[in-house]
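So that the names make sense, note that chain A is the first sequence line, chain B the second, and so on, each numbered from 1. Side chains are part of it too, since the values below use all heavy atoms of this structure and drop only hydrogens, waters and symmetry mates. Treat the numbers as computed from the prediction; the structure is a model and nothing was measured.
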Amino acid sequence: MKAMQARVRKLLEENKIDGFIGLKMEHGHPAPFMFSRENLGEMETLVVGDVRYPLNKALLKVSGQYPDLTFGVMVRGCDERGITELLKWNQLHRDRVIPVGVACSSELAQLCECYKPYPSDWVVGEKTEGIAKSKRLQKIEGMNQKERLSYWLNQFNKCIKCYGCRDVCPMCFCEVCSLEDRNFILTGKLPPENPTFHLSRAVHMVGRCIDCGLCEEACPSNIPVRTLYKKINEIVKEYFDYRTGESSEGKSPLNLLGEVTLELSDVNK
Amino acid sequence: MAKEAQSVPGFEPKIIAFLCNWCSYGGADLAGVSRLQYPANTRTIRVMCTATISPHHILKAFQKGADGVLVAGCHIGDCHYIKGNYMTIKRVAVLKELLRFTGFQEERLYLDWISSAEGVRFAEVIRNFTQKVKEMGPSHLRTTY
Ligand code: SF4
Ligand code: SF4
Ligand code: FES
């Protein structure tokens with residue numbers, strides 16, 4: 001915590017950044033806050049903790065409004081993947097963002113089943129091993145087709161279409177959302193079309209989801225949407241050898257035509 | 001809510017066929033003018049290129065009760081927009097895996113390349129796919145919405 005405070009203070013004092021998006025302890029709760037040269041006195045209240053918040057989403061908003069300013073932002077492994085991907089999707093400017101890293105605790109890494117629970121560089125925490133294969137995925141893959149169907153139909157039927165999963169997602173930046181297209185998703189009906197609503201969101205997460213898990217935390221109906229997107233990430237890796245947010249090379253496979261690496265026999269298995 | 005998938009006697013599946021204008025629709029046309037016989041279970045939707053078919057359209061077709069969805073376009077290298085079908089195969093691959101994971105029977109979605117000279121093959125593809133979907137029985141989603 002102290003190390004993070006010192007780093008942020010230094011970045012601000014040396015004019016490397018104009019503001020830092022981090023968490024501030026307020027009324028006993030960590031909440032997002034913009035630390036700046038004007039409020040250096042608040043630095044003591046900067047916290048890290050195991051709480052998570054879509055800080056990148058706040059970053060997208062302010063950097064869009066102040067394109068000439070440079071912002072620092074607290075990043076965990078997932079948030080750093082997010083920045084990498086947002087740069088590729090042209091949502092941020094490379095020289096306008098300075099991430100300050102946090103390595104996640106092993107408890108958090110286990111909970112998330114995160115494959116890389118640390119960013120490339122960090123000032124707080126210690127590196128812990130990532131989890132290679134998600135147990136949540138294994139559980140569902142172990143079911144037969146009928147079990148999988150009734151599992152997901154029941155889960156999706158709990159949806160109250162609050163859009164919380166989308167609104168919290170740091171990788172959802174489109175101005176027009178297909179999930180609000182009236183020709184596509186019926187309005188005035190709950191649950192939303194099952195499975196079209198959920199599978200469409202899943203398809204949209206190809207090359208975008210950085211597995212932060214915020215969607216699932218936000219969902220008031222406890223739908224395991226993160227598991228669905230974990231599957232998307234696995235599909236993207238298996239079919240296109242692409243790991244979302246891992247490298248600044250390449251682009252999301254559904255974002256460019258690219259070359260053909262698949263055959264019909266890979267598809268119609 | 002989930003209806004049992006089983007072969008129902010006398011069941012006639014509803015199949016939506018998305019055909020690209022330049023190749024597969026031509027193939028269908030050729031099959032027609034050649035008076036080739038094939039089952040009449042498909043409703044064709046002609047699109048300019050298979051790349052204009054979003055996973056949304058496919059999902060919506062299933063949601064509206066299609067028992068099967070066929071996507072057919074030009075062979076790789078023959079797409080009239082050069083690389084449109086490069087995107088199609090990627091999208092269908094992802095969607096099929098996702099349908100498999102969620103138990104929605106990915107076999108109900110089928111991708112093929114059929115050129116405008118392949119009238120005989122067009123009829124064959126329709127015959128085979130219709131037969132397959134018939135054996136699978138009505139889609140689970142028929143009753144959902
Ligand atoms: S885990 Fe959920 S909130 Fe996070 S990037 Fe993926 S879809 Fe968005
Ligand atoms: S947060 Fe949960 S209930 Fe709300 S729209 Fe997303 S999946 Fe549905
Ligand atoms: S024009 Fe036929 S697939 Fe593109």
Side-chain angles (χ1 to χ4, degrees), chain A residues 137 140-141 143-157 178-179 181 183-186 189 191-200 202-207 227-232 234-236 238-240 253-264 266-269, chain B residues 1-6 51 54-64 70-73 75-77 79 81-107 109-114 125 128-129 132 136 139-141 143-145:
Chain A
L137 283 187
I140 292 169
E141 280 158 0
M143 299 178 181
N144 65 33
Q145 178 261 325
K146 276 191 189 152
E147 291 166 340
R148 287 199 302 273
L149 179 72
S150 74
Y151 176 81
W152 286 109
L153 273 178
N154 288 330
Q155 292 292 353
F156 295 158
N157 272 343
S178 309
L179 298 181
D181 183 334
N183 294 318
F184 175 52
I185 302 284
L186 292 180
K189 201 157 186 194
E193 281 164 293
N194 181 353
T196 298
F197 185 85
H198 289 272
L199 297 192
S200 303
V203 169
H204 280 234
M205 282 299 128
V206 168
T227 306
L228 197 61
Y229 311 140
K230 273 183 185 285
K231 183 64 191 181
I232 283 289
E234 192 180 86
I235 295 170
V236 170
E238 276 173 14
Y239 276 81
F240 310 112
L254 294 194
N255 189 22
L256 81 180
L257 291 167
E259 292 306 319
V260 186
T261 53
L262 300 175
E263 309 233 351
L264 282 177
D266 300 322
V267 180
N268 296 317
K269 281 191 276 205
Chain B
M1 131 171 327
K3 210 165 164 182
E4 288 287 295
Q6 61 201 7
S54 154
H56 299 165
H57 300 120
I58 298 171
L59 287 167
K60 193 73 182 180
F62 282 124
Q63 194 83 66
K64 289 274 187 188
L70 166 75
V71 175
H75 288 268
I76 293 290
C79 170
Y81 305 93
I82 307 187
K83 287 184 171 187
N85 48 8
Y86 287 26
M87 187 53 87
T88 309
I89 192 166
K90 292 197 271 188
R91 285 178 179 154
V92 174
V94 170
L95 190 55
K96 276 181 78 99
E97 277 298 333
L98 193 60
L99 290 171
R100 179 172 314 162
F101 181 68
T102 43
F104 287 99
Q105 296 184 308
E106 72 287 353
E107 299 96 327
L109 172 58
Y110 180 66
L111 173 69
D112 214 334
W113 310 134
I114 305 169
V125 166
N128 293 343
F129 187 53
K132 185 169 175 183
M136 290 180 80
S139 154
H140 306 287
L141 292 178
T143 48
T144 318
Y145 266 88

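Under the 3.5 Å distance criterion, the side-chain polar atoms of B:Lys60 are matched with a main-chain donor or acceptor of A:Phe184.
Both the backbone and the side chain of A:Val260 have a heavy atom closer than 4.5 Å to some heavy atom of chain B. For A:His204, the part lying near chain B is the side chain, with the backbone staying farther off; criterion is any non-hydrogen pair under 4.5 Å. Only the side chain of B:Leu95 comes within contact range of chain A, with heavy atoms under 4.5 Å apart. Only the side chain of A:Ile235 comes within contact range of chain B, with heavy atoms under 4.5 Å apart. Only the backbone of B:Leu109 has a heavy atom closer than 4.5 Å to any heavy atom of chain A. No part of B:Asn85 comes within reach of chain A, as not one of its non-hydrogen atoms sits under 4.5 angstrom from that chain. Only the side chain of A:Tyr239 comes within contact range of chain B, with at least one heavy atom under 4.5 Å from a heavy atom of that chain. Using a 4.5 Å cut-off between heavy atoms, B:Leu111 contacts chain A through both its backbone and its side chain.
A salt bridge does not link A:Glu193 with B:Lys64: every distance from a Lys NZ or Arg NE/NH1/NH2 to an Asp or Glu carboxylate oxygen is 4.0 Å or more.
The side-chain hydrogen bond (donor to acceptor under 3.5 Å, both in side chains) analysis of residues 86-95 of chain B, with sequence neighbours excluded, yields the pairs B:Thr50-B:Thr88.
Looking at residues two or more places apart in sequence or on another chain, you find no salt bridge (charged side-chain N to carboxylate O under 4.0 Å, His left out) involving B:Glu107.
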